[in-house]
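Within every chain, numbering begins at 1; the chains are lettered A, B, ... in the order of the sequence lines, protein sequences first and strands thereafter.
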Amino acid sequence: MAQAANGTLYRGREGMWSWVAHRISGLLLFLFLFAHVLDTALVRVSPDAYNQVMEAYKNPVVGIGEAGLVAAVIFHALNGLRIIAVDFWAKGPKYQRQLFWAVAIGFVVLFAPFAIRHLTIVFTH
Amino acid sequence: MSATTETNYHAGPDAVSAKKSRYRRVSKGRGNFELWSWVFMRASGILLLVLIFGHLFVNLMLGEGIHGIDFAFVAGKWSSPFWQTWDMLMLWLAELHGFNGVRTIINDYTEKDRTRWILKGLLVASALLVMVLGTLVIFTFDPCLDPSSTLSVCAR
């Protein structure tokens, strides 16, 4: 890693890692959106074609992938609010690390109930 | 404040020599595009938070969750202009938000002009495909596409 006089050039910690995670989750969601619009477009081909692809979404392995996708949505949404706070709230930059931990808590609060509900449906149906 | 204090301090002491500098920091004809794209990311982000959380809650949490999703489920939702509008807004805002984000990523990491333009060409093509195809699908959806459909809306 590149070195500056007083440490590494990349400063690490909450600020940098949330930025990295925001990029990766955003890119993942963009790629999924492409696939999701194409799979939904099958409703114009035939009901059977659409239903067959939806069956694949109900497979347990894909079901776990969907939970990962929703995790990416929740993180990207909450960290997006943190970015808005850093940009527009006078004290945002000062508290950006605390805001990151607020994002982490919000993530658990929203994702835990979703994961329990969704994975129960996926594995017990 | 008297009229004698009208010196432009922001120009700085080197304002004249900066004019002769070969470094031109003033943008050439791009206007405020980057400013508006920055504003758009924040505004669309807030709207998408509501649209996508609503979409996920209704499709994956209510009813049978993922197991309830099939052609009939889509037919039920898109029989309502409310969900057609919701999905169209979500599609456009998400695609433009993602387009702008990926554009930033391409600008950050590509070093050769050629690589940058190829990737941006693919990005523009995929964004147009997704928005045009998606919008057509939402508004030309036909619940009775299959003549032997057993959906109640298709009963004669």
Q: Please determine, among Leu42(A), Val37(A), Leu29(A), Val43(A), the option with the most heavy-atom pairs under 4.5 Å with chain B.
A: Val43(A)
(Q) Quick check: is Leu62(B) connected to Leu69(A) through a chain of hydrophobic side chains (ILVMFWY, heavy atoms under 4.5 Å apart)? (A) yes
**Q.** Choice from Phe73(B), Trp78(B), Trp38(B), Phe57(B) maximising heavy atom contacts with chain A below 4.5 Å
**A.** Trp38(B)
Q) How far apart are the closest heavy atoms of His67(B) and Val122(A), and which atoms are they? A) NE2-O, 4.4 Å
Q | Portion of Val102(B) that has a non-hydrogen atom of chain A nearer than 4.5 angstrom | A | side chain
Q | Part of Leu123(B) within contact of chain A (heavy atom distance under 4.5 Å) | A | side chain
Q: Flag the pair Asp108(B) and Arg23(A) as a salt bridge only when some basic side-chain nitrogen lies within less than 4.0 angstrom of an acidic carboxylate oxygen.
A: yes
Q. In the single-linkage hydrophobic clustering (I, L, V, M, F, W, Y; side-chain heavy atoms under 4.5 Å), do Phe82(B) and Met88(B) co-cluster?
A. yes
Q: Assign the ring pair Tyr50(A) / Phe71(B) to parallel, tilted or perpendicular, where the plane angle (0 to 90°) is split at 30° and 60°.
A: perpendicular
**Q.** Interatomic distance, Leu33(A) atom CG to Met90(B) atom CE [nearest 0.5 angstrom]
**A.** 9.0 Å
Q. Is the count of non-hydrogen atoms from other residues, nucleotides or ligands lying under 6.0 Å from Trp89(A) atom CH2 greater than 12?
A. yes
**Q.** Under 4.5 Å from a heavy atom of chain B, the part of Val53(A) involved
**A.** neither
(Q) Quick check for you: among His97(B), Glu64(B), Arg42(B), which has the greatest number of heavy-atom pairs under 4.5 Å with chain A? (A) Arg42(B)
(Q) Is Leu81(A) in contact with chain B via its backbone, its side chain, both, or neither, using a 4.5 Å heavy-atom distance? (A) side chain
Q) To the nearest 0.5 Å, what is the distance between CG (Leu56(B)) and CD (Glu66(A))? A) 10.5 Å
Q.
How about CH2 on Trp92(B), more than 12 heavy atoms from neighbouring residues, nucleotides or ligands closer than 6.0 Å, or not?
A. no
Q) Where do Val137(B) and Thr40(A) come nearest, in terms of heavy atoms and distance? A) CG1-O, 4.1 Å
**Q.** Trace of the side chain to side chain contact (heavy atoms under 4.5 Å, CB included) decision for Leu60(B) with Ile121(A)
**A.** CA-CA 9 Å; Leu60(B) 295 180; Ile121(A) 293 169; over 6 Å; no
Q) Are Met16(A) and Tyr109(B) linked, directly or through other ILVMFWY residues, by side chains that come within less than 4.5 angstrom of each other? A) yes
Q) Where do Phe99(B) and Phe30(A) come nearest, in terms of heavy atoms and distance? A) N-CE1, 3.5 Å
(Q) Between His22(A) and chain B, with a heavy-atom cut-off of 4.5 Å, which part of the residue counts as in contact: side chain, backbone, both or neither? (A) neither
Q: Could you tell me which of Val70(A), Thr120(A), Asp87(A) has the largest number of non-hydrogen atom pairs under 4.5 Å with chain B?
A: Asp87(A)
Q) Checking Phe53(B) against chain A: side chain, backbone, both or neither under 4.5 Å from a heavy atom? A) side chain
Q: Tell me, for Ile138(B) versus chain A, whether the close heavy atoms (under 4.5 Å) come from the side chain, the backbone, both or neither.
A: neither
Q) Do the side chains of Pro47(A) and Leu145(B) get nearer than 4.5 Å, heavy atoms only? A) yes
Q) Are Tyr95(A) and Phe100(A) co-members of a hydrophobic cluster defined by side-chain heavy atoms under 4.5 Å apart? A) no
Q. Does Lys58(A) reach the main-chain N or O of Ile69(B) with its side chain, forming a donor-acceptor pair under 3.5 Å?
A. yes
Q) With the 4.5 Å side-chain cut-off for hydrophobic clustering, are Leu31(A) and Ile118(B) part of the same group? A) no
Q | Approximate separation, where rounding is to 0.5 Å, of Leu49(B) CG and Ile84(A) CD1 | A | 8.5 Å
Q: Please flag which part of Asp48(A) lies under 4.5 Å from any non-hydrogen atom of chain B: side chain, backbone, both or neither.
A: neither
Q: Check for a donor-acceptor pair, side chain of Asp70(B) on one end and backbone N or O of Met54(A) on the other, with a separation under 3.5 Å.
A: no
Q) So what's closer than 4.5 Å to chain B heavy atoms on Arg117(A): side chain, backbone, both or neither? A) side chain
